[in-house]
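Here the structure comes first, spelled out in structure tokens, and everything after it is commentary.
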Amino acid sequence: MAGIVIVGAQWGDEGKGKVVDLLAERADLVIRFQGGNNAGHTIVRDGVSWKFHLIPSGILYPGKLCAIGNGVVIDPKVLTDELDQLRAKGIDLSGLRISANAHLIMPYHMLLDHAGETKLGKLQIGTTRRGIGPCYADKAARLGIRMQDLLDEKILRKKIYTALAPKQLMLRPFAKDPELDLHTMTEEYRILGHRLEAYIADTPPIAWRALDRDGLVLFEGAQGALLDIDHGTYPFVTSSNTVAGAACAGAGVGPRALDEVWGIAKAYATRVGAGPFPTELEEPLGEQIREAGGEFGTTTGRPRRTGWLDLVALRYATRINGLTGIVLTKLDVLTGIDPLHVGVRYLGPEGATFDEFPYHQSIVHKVNGDLIELPGWHEDISGVRSLDELPANAQAYLDFIADYLGIPIVMVGVGPARDEMIWTGAAERLKPAAA
Ligand code: GDP
Ligand code: IMO
Ligand code: MG
């Protein structure tokens with residue numbers, strides 16, 4: 001086992017951070033490959049909650065190689081803040097590497113994200129307003145500023161000037177904003193570059209070397225399959241490819257480097273932001289799960305929409321990612337909800353049924369999950385560490401999911417803490433020594 005990709009298999013916030021942290025103990029390298037600080041990955045250790053937006057979730061192991069790959073978009077202010085906070089807590093950052101080719105989120109990207117959402121009014125996507133979309137747009141338009149540009153003031157100034165020119169019209173309402181002054185911006189980013197310089201590196205060779213040594217490389221995804229710009233519920237998506245295939249482009253390795261692809265999914269479903277959600281729950285049960293699962297955004301604090309597990313969407317995620325295993329998190333949150341339901345197909349208008357995820361936007365927006373009922377359980381499962389200790393109905397719930405998807409469940413989350421995890425199958429040999 002050399003390369004393992006960890007991706008979100010739903011709409012994000014599935015628990016990727018916790019899984020990466022657990023697997024990182026045995027890893028030679030953890031590398032983020034897409035997204036930016038729209039992500040919020042939570043790790044709970046000894047009762048302390050850590051939230052990472054840009055830094056890979058392996059950083060809590062002293063000296064562990066943790067890279068931010070070229071496919072990530074970086075807000076250097078957010079990154080330096082995140083580094084300062086970790087440093088203040090005594091975290092060893094010596095293993096951090098930042099791709100010189102990663103694109104930068106600039107002040108105008110944030111303003112454009114805001115302006116774009118405001119203009120959409122009722123149709124807004126509900127972005128995190130972190131400038132993600134406008135930054136990826138500039139990358140594609142070849143107007144992006146990259147990490148390496150911070151190290152040369154002349155180049156930086158020229159690139160900012162060029163990037164600003166085509167945005168003058170849209171930025172007119174902010175014309176007097178001091179953040180947009182060419183000189184101020186160049187100076188501010190030059191200083192940020194100076195602070196990050198020690199970490200800037202050519203990251204793909206770091207991954208190649210680890211893979212050549214048969215080391216374990218974890219590719220840490222952000223967001224989730226249904227937020228993928230090509231395969232998600234467009235336009236209610238993020239602006240990057242979130243699927244496992246993006247690990248190659250976003251880290252600079254070939255497809256043969258990816259030995260396992262594990263999709264992280266909650267035992268139910270959540271979504272933050274607008275867009276279709278076929279198994280969405282109504283109150284009061286939706287609210288009950290939101291409270292029980294602490295479903296409030298890590299990045300924006302917004303309440304997450306909640307719903308039953310959507311197996312149609314999860315099987316679709318299995319296919320577009322080529323998942324080899326599922327990590328099912330937050331099974332504990334379902335304790336006491338009896339009966340449970342899961343969506344096994346979609347029901348559309350006029351009696352239409354869909355066994356597969358529909359490609360057409362107007363259909364996805366109109367379907368509802370066709371739910372089947374499964375019996376729940378009432379026992380506290382947070383202390384359970386093996387599948388056979390789970391209540392029979394919880395085991396049956398897992399079996400139903402694995403059968404439907406046709407892939408094994410390799411880990412099961414029974415609580416937020418590090419040790420609250422059941423390790424099985426292919427994951428068992430990666431279990432941390434202390435777990
Ligand atoms: P990510 O973006 O995929 O890393 O997920 P987030 O960190 O945004 O959200 C997942 C939340 O669920 C975090 O608060 C985790 O601490 C928590 N969590 C992860 N696994 C479990 C689990 O098995 N049970 C419970 N109750 N909470 C979990
Ligand atoms: P992690 O990595 C959940 C959602 C936003 C919005 C849409 C587009 O923590 O799972 P963007 O700011 O990316 O342009 O917003 O995507 N979104 C997420 N939802 N978890 C995330 O990351 C998300 N990152 C973006 O809410 O609907
Ligand atoms: Mg999150």
Side-chain angles (χ1 to χ4, degrees), residues 6-22 32 34-45 47-54 56-57 72-73 75 105 109-110 112-114 116-117 124-137 220-229 232-240 242 263-277 289 291-305 327-335 381-382 384 411-422:
I6 300 298
V7 283
Q10 296 165 317
W11 281 275
D13 303 324
E14 300 90 347
K16 299 174 290 290
K18 175 183 171 179
V19 174
V20 170
D21 170 52
L22 285 171
R32 278 269 316 257
Q34 47 71 233
N37 61 308
N38 47 351
H41 296 179
T42 314
I43 296 171
V44 181
R45 277 196 181 198
V48 181
S49 182
W50 302 79
K51 294 182 190 304
F52 299 123
H53 299 288
L54 279 164
S57 302
V72 175
V73 288
D75 182 329
I105 296 180
H109 291 138
M110 240 106 61
L112 290 169
D113 199 353
H114 259 272
E117 285 282 89
Q124 63 180 243
I125 290 155
T127 73
T128 59
R129 304 198 175 201
R130 300 297 191 263
I132 306 291
C135 181
Y136 276 116
E220 179 179 0
Q223 290 81 52
L226 282 310
L227 291 173
D228 181 277
I229 188 155
T233 52
Y234 192 91
F236 299 95
V237 294
T238 190
S239 298
S240 65
T242 62
I264 320 301
K266 283 178 201 179
Y268 47 98
T270 63
R271 172 164 206 166
V272 53
F277 189 0
I289 292 184
E291 290 301 326
E295 297 298 353
F296 298 89
T298 310
T299 301
T300 57
R302 291 178 290 178
R304 295 173 184 151
R305 299 155 68 191
V327 176
L328 202 78
T329 61
K330 301 191 124 174
L331 190 64
D332 53 298
V333 175
L334 295 184
T335 298
I381 60 168
S382 59
V384 171
M411 293 162 84
V412 181
V414 292
R418 292 196 89 220
D419 61 328
E420 289 173 326
M421 185 64 92
I422 298 171

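Numbering of ligands and ligand atoms starts at 1, following listing order. What you see below is based on every heavy atom in this structure, not just the backbone, and it leaves out hydrogens, waters and symmetry mates.
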Requested in this report: Could you find the nearest protein heavy atom to atom 23 (C) of ligand 2 and give me its residue, atom name and distance?
Outcome: Gln223 CG, 3.6 Å
Report task. Please report which non-hydrogen protein atom sits nearest to atom 6 (P) of ligand 1, along with the residue it belongs to and the distance in Å to one decimal place. Result -> Gly40 O, 3.6 Å
Requested in this report: Run the numbers for me: atoms of ligand 2, each under 4.0 Å from some heavy atom of Lys16, listed by number.
Outcome: 1 (P), 2 (O), 10 (O)
Query raised in the report: Does Arg302 come within less than 4.0 Å of ligand 2, judged by its heavy atoms?
Result: yes
Query raised in the report: If you look at Asp13, which of its N/O/S atoms is nearest to the Mg ion (ligand 3)?
Result: OD1
Report summary line: shortest atom 9 (O) of ligand 1-to-protein heavy-atom contact is with Asp13 O, 3.6 Å
**Report entry** Backbone or side-chain N or O of Thr329 under 3.5 Å from ligand 1 N or O
**Finding:** no
Report task. Identify, by atom number and element, the atoms of ligand 2 in contact range of Ala222, meaning under 4.0 Å from any of its heavy atoms. Result -> 2 (O)
Query raised in the report: Does Asp13 come within less than 4.0 Å of Lys266, counting only side-chain N to carboxylate O?
Result: no
Query raised in the report: Hey, is ligand 1 close enough to Asp332 that some N/O pair sits below 3.5 Å?
Result: yes
Query raised in the report: With no hydrogens and no angle check, do the side chains of Ser240 and Gln34 hold a donor and an acceptor under 3.5 Å apart?
Result: yes
**Report entry** Shortest heavy-atom approach to atom 15 (O) of ligand 2 - which of Thr127, Ile264, Thr300, Thr42
**Finding:** Thr127
Report summary line: Within 4.0 Å of some non-hydrogen atom of Gly273, the atoms of ligand 2 are 27 (O)
Query raised in the report: Which of the atoms in ligand 2, numbered in the order shown and given with their element, are less than 4.0 Å from a heavy-atom of Ala39?
Result: 1 (P), 2 (O), 9 (O), 22 (O)
Query - Subset of ligand 1 atoms that lie under 4.0 Å from at least one heavy atom of His41 - result: 1 (P), 2 (O), 4 (O), 7 (O)
Report task. Scan side-chain atoms only and decide if Ser57 and Glu220 contain a donor-acceptor pair under the 3.5 Å cut-off. Result -> yes
Query - Heavy-atom gap Gly415 to ligand 1 smaller than 4.0 Å - result: yes
**Report entry** Under 3.5 Å: N/O of Leu331 near N/O of ligand 1
**Finding:** no
Query raised in the report: Applying the side-chain contact (heavy atoms from CB on, under 4.5 Å) test to Ile264, which of Gln10, Lys18, Lys16 qualifies?
Result: Lys16
Query raised in the report: Can you list the atoms of ligand 2 that are under 4.0 Å from a heavy atom of Asn38?
Result: 12 (O), 13 (O), 22 (O), 23 (C), 24 (N), 25 (C)
Query raised in the report: If you measure from each heavy atom of Glu220 to ligand 1, is any distance below 4.0 Å?
Result: no
Query raised in the report: Any heavy atom of Gly126 sitting closer than 4.0 Å to ligand 2?
Result: yes
Query - Which of the ligand 2 atoms, numbered from 1, are nearer than 4.0 Å to a heavy atom of Thr238 - result: 8 (C), 11 (P), 13 (O)
Query raised in the report: If we only count N/O pairs under 3.5 Å, is Val333 in contact with ligand 1?
Result: no
**Report entry** Contact atoms of ligand 1, heavy-atom distance to Gly413 under 4.0 Å
**Finding:** 23 (O)
Report task. Give a yes/no on ligand 1: does Ala39 have at least one heavy atom closer than 4.0 angstrom to it? Result -> no
Report summary line: Honestly, for His41 the part within reach of ligand 2 (heavy atoms, under 4.0 Å) is side chain
Requested in this report: Please could you name the atoms of ligand 1 that Val414 approaches to less than 4.0 Å, counting only its heavy atoms?
Outcome: 23 (O)
Query raised in the report: ligand 2 versus Val237, non-hydrogen atoms closer than 4.0 Å: side chain, backbone, both, neither?
Result: backbone
Query raised in the report: Short list, please: which atoms of ligand 1 are under 4.0 Å from a heavy atom of Arg304?
Result: 8 (O), 9 (O)
Query raised in the report: Considering only heavy atoms of Asp13, which atoms of ligand 2 have at least one such atom less than 4.0 Å away?
Result: 1 (P), 3 (C), 9 (O), 10 (O), 20 (N)
Query raised in the report: Strictly under 4.0 Å, does any heavy atom of Arg130 approach an atom of ligand 2?
Result: no
Report summary line: atom 18 (N) of ligand 1: closest protein heavy atom, distance to 0.1 Å, is Lys330 CE, 3.8 Å
Report summary line: the protein heavy atom lying closest to atom 12 (O) of ligand 2 turns out to be Thr128 OG1, 2.6 Å
Query raised in the report: Can a salt bridge be assigned to the pair Arg418 and Glu420 using a cut-off of 4.0 Å between side-chain N and carboxylate O?
Result: no
Query raised in the report: Are side-chain heavy atoms of Ile132 and Asn37 found at a separation under 4.5 Å?
Result: yes
Report task. State, without any angle test, whether Thr128 and Arg130 hold a side-chain donor-acceptor pair at a distance under 3.5 Å. Result -> no
Query raised in the report: What atoms of ligand 2 come within less than 4.0 Å of a heavy atom belonging to Leu227?
Result: 4 (C), 16 (O), 17 (N), 18 (C), 19 (N)
Query raised in the report: What protein heavy atom sits nearest atom 7 (O) of ligand 1, and how far off is it?
Result: Thr42 OG1, 2.7 Å
**Report entry** Contact check: Val44 vs ligand 1, nitrogen or oxygen atoms, below 3.5 angstrom
**Finding:** no
Report task. Just jot down the ligand 1 atoms closer than 4.0 angstrom to any heavy atom of Gly17, in number order. Result -> 4 (O)
Report task. Report yes or no: does a heavy atom of Gly8 sit under 4.0 Å from some atom of ligand 2? Result -> no
Query raised in the report: From the Mg ion (ligand 3) out to just under 2.8 Å, does an N/O/S atom of Gly40 turn up?
Result: yes
Requested in this report: For ligand 2, note which part of Trp11 has a heavy atom under 4.0 Å away: side chain, backbone, both or neither.
Outcome: backbone
Requested in this report: Would you tell me whether Tyr268 and Glu295 have side-chain atoms, one donor and one acceptor, within less than 3.5 Å of each other?
Outcome: yes
Report task. Go through ligand 1 atom by atom and flag the ones less than 4.0 Å from a non-hydrogen atom of Lys18. Result -> 19 (C), 20 (N)
